[in-house]
Amino acid sequence: MPTSRPCRVPTTRGERFTVLDPATGKAFDEAPDQRPDELDAVVERAHRAWLGWRVDPLARAKALLTAADAVAAAGADLAPLLTREQGKPLAESYAEVARTAARLRYFAELTAEPQKITDGRPVRSEIRWRPLGPVTAIVPWNFPLQLASAKFAPALAAGNTVVLKPSPYTPLATRLLGSVIATALPEDVLTIVTGHEPLGARLASHPGIRHTTFTGSIATGRAVAAGAGASLARVTLELGGNDAAILLDDVDVERIAERLFWAAFRNCGQVCMAVKRVYAPARLYSQVVEALAQHARTVVVGAGLDPGSQLGPVNNAPQLARVDQYTARALADGARAVAGGHRLDRPGYFFAPTVLADVPPASRVVTEEQFGPVLPVLPYSSLDEAVEAANDTRFGLGGSVWGTDLDRAEAVADRLECGTAWINHHAELSLAQPFAGIKESGVGVAGGPWGLYGNLRPFVVHRPEEA
């Protein structure tokens with residue numbers, strides 16, 4: 001393989017766009033606004049790099065381990081920049097950098113082994129695994145580094161090259177991450193492109209791209225799939241969720257309240273698999289609402305770079321407007337804001353941590369993914385009613401059940417229509433487990449060996465037992 005070189009971030013003109021600090025709402029830096037017509041050259045270089053990158057699995061593993069060490073060592077540069085453009089508390093940004101390095105290490109040590117087929121015929125058949133070619137990863141703004149690594153780490157380990165496009169709201173830390181990783185990789189194995197639409201659409205539909213991995217909205221996911229379909233390329237789509245948490249009638253409310261609160265409000269609620277609806281038994285309803293509201297009233301909200309901040313701002317103005325609109329509509333329809341319910345009167349995109357009671361079940365804050373620091377709590381009278389309500393959604397990413405009797409809780413969890421169900425916790429993932437949604441929450445599987453094999457194609461060799 002060729003020697004390592006600095007990360008290429010192609011641009012032939014001087015166009016740039018501003019990047020805003022969500023804690024102030026003001027610009028603090030710029031990134032290249034690249035043209036869609038530049039992608040032909042980018043993908044061609046990625047293809048040429050692939051011809052060398054694909055041939056030596058041991059060299060790939062060594063390079064990825066070196067890249068992981070480089071990412072870990074760069075935490076003091078990456079984390080503050082990530083907080084500045086994304087908004088999350090600095091400690092969470094450091095955790096995201098650590099998770100990125102850990103994922104590189106995990107996939108560096110994962111191999112796709114040949115598999116023999118035994119079917120009684122006098123033929124020796126073996127499945128071998130081959131990379132796809134240049135692939136693309138399109139990443140949202142809530143976990144820019146972590147979600148990028150969830151896409152590029154298995155793709156690179158499988159022997160593909162990657163063209164990565166971050167959100168225009170959070171391009172800077174991703175560009176820096178690319179430069180850090182590129183010190184360990186050959187040129188053009190990982191390329192970062194930044195800019196506004198139609199850059200992402202053109203990338204997903206490019207005939208030289210063999211697999212597109214995308215995390216974002218359902219509408220955009222459909223467009224990505226349609227674009228990739230033109231060249232019959234693979235797609236892996238993670239399209240968000242509207243995860244429900246069902247509290248059983250034996251739940252210890254005080255014991256689980258803090259855990260449940262952070263399962264909903266971590267990263268200011270901007271987590272695809274966060275708890276976005278809580279169903280509580282009628283006799284415990286007031287206690288659950290008040291316990292969650294107490295945490296919402298006392299959590300410290302501020303700029304992510306402030307050491308005391310526990311929650312940062314919403315990432316961008318359009319998302320803040322969405323959260324505000326959903327909350328206002330629910331209040332107009334009769335919901336009560338037991339905590340919060342409004343924007344905070346300060347610069348930046350801050351919304352008060354909000355717990356809503358008496359929410360009409362048809363309210364959009366219940367039926368849609370609000371993706372912000374707002375949590376509706378709904379009562380139920382029977383467990384069947386709660387399970388039916390939890391499943392009555394077009395989403396199917398995750399869900400959880402909370403109670404003292406673990407066997408009973410597991411039996412309820414088994415009835416949830418989602419990709420992952422947790423008991424007495426939520427949104428905790430291992431690098432080794434599959435991550436996938438059903439319904440409109442996505443297509444394909446990420447994580448663990450499934451993530452690796454999703455970036456490979458089977459190649460079968462038959463040979464007779466005798467000449």
Side-chain angles (χ1 to χ4, degrees), residues 240-265 269 273-296 326-327 329-331 333-339 354-370 374-428 437-441:
N242 190 15
D243 291 14
I246 298 176
L247 277 55
L248 302 183
D249 55 10
D250 66 348
V251 71
D252 185 335
V253 175
E254 294 305 317
R255 184 177 180 184
I256 63 97
E258 183 175 9
R259 225 177 314 150
L260 181 59
F261 174 84
W262 285 111
F265 286 89
M273 54 184 169
V275 170
K276 298 185 176 75
R277 301 172 286 154
V278 173
Y279 293 93
R283 72 176 184 84
L284 297 175
Y285 183 68
S286 296
Q287 184 184 358
V288 171
V289 168
E290 182 55 33
L292 291 170
Q294 181 61 25
H295 285 287
Y326 279 23
T327 304
R329 183 70 264 174
L331 294 174
D333 289 341
R336 292 185 296 117
V338 187
T354 297
V355 174
L356 297 176
D358 303 333
V359 188
S363 176
R364 293 184 72 185
V365 80
V366 175
T367 62
E368 298 293 329
E369 183 180 33
Q370 66 272 31
V374 179
L375 181 64
V377 185
L378 299 97
Y380 70 84
S381 56
S382 73
L383 190 53
D384 287 343
E385 173 193 331
V387 172
E388 182 180 359
N391 291 336
D392 185 20
T393 174
R394 60 177 177 155
F395 297 94
L397 194 58
S400 57
V401 181
W402 304 67
T404 302
D405 184 335
L406 297 183
D407 289 337
R408 181 179 177 228
E410 185 174 350
V412 175
D414 198 46
R415 298 170 62 187
L416 296 179
E417 297 172 357
C418 56
T420 305
W422 295 271
I423 297 169
N424 288 342
H425 62 124
H426 197 105
E428 296 181 24
I438 64 171
K439 302 181 183 178
E440 295 187 14
S441 279

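- Side chains of L284 and L247 form no contact here, defined as non-hydrogen atoms less than 4.5 Å apart.
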Listing, residues 390-401 side-chain donor-acceptor contacts under 3.5 Å, not counting sequence neighbours, or none:
from, atom 1, to, atom 2, distance (Å)
N391, OD1, E417, N, 2.9
N391, ND2, V387, O, 3.4
N391, ND2, R415, O, 3.1
T393, OG1, F395, N, 3.1
R394, NH1, E440, OE1, 3.4
R394, NH2, E368, OE1, 2.9
S400, OG, W402, NE1, 2.8
S400, OG, H426, ND1, 2.7

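- Around the CD atom of E388, the shell of radius 6.0 Å holds no more than 12 heavy atoms that belong to other residues, nucleotides or ligands.
- Considering all non-hydrogen atoms of both residues, A330 and V365 come closest at CB-CG1, 3.9 Å.
- Under the 3.5 Å distance criterion, the side-chain polar atoms of N424 are matched with a main-chain donor or acceptor of G403.
- When all heavy atoms are compared, the tightest approach of D250 to T404 is O-OG1, 2.6 Å.
- D405 is not listed as a side-chain neighbour of L248, based on a closest heavy-atom distance of 4.5 Å or more.
- Counting heavy atoms from C-beta outward, L416 and I246 have side chains that approach closer than 4.5 Å.
- Heavy-atom contacts from other residues, nucleotides or ligands closer than 6.0 Å to CD of E385 number more than 12.
- The neighbour count for R255 CZ, taken as heavy atoms of other residues, nucleotides or ligands under 6.0 Å away, does not exceed 12.
- A donor-acceptor contact shorter than 3.5 Å links the side chain of N242 to the backbone of V366.
- Residues P281 and Y380 come closest through the heavy atom pair N-CE2, 3.3 Å.
- Side-chain atoms of R283 come within 3.5 Å of backbone N or O of D249 as a donor-acceptor pair.
- Y326 places no side-chain N or O within donor-acceptor distance of the main-chain N or O of S363, the cut-off being under 3.5 Å.
- Taking CG from D333 and CG from D358, the interatomic distance works out to 12.5 Å, rounded to the nearest 0.5 Å.
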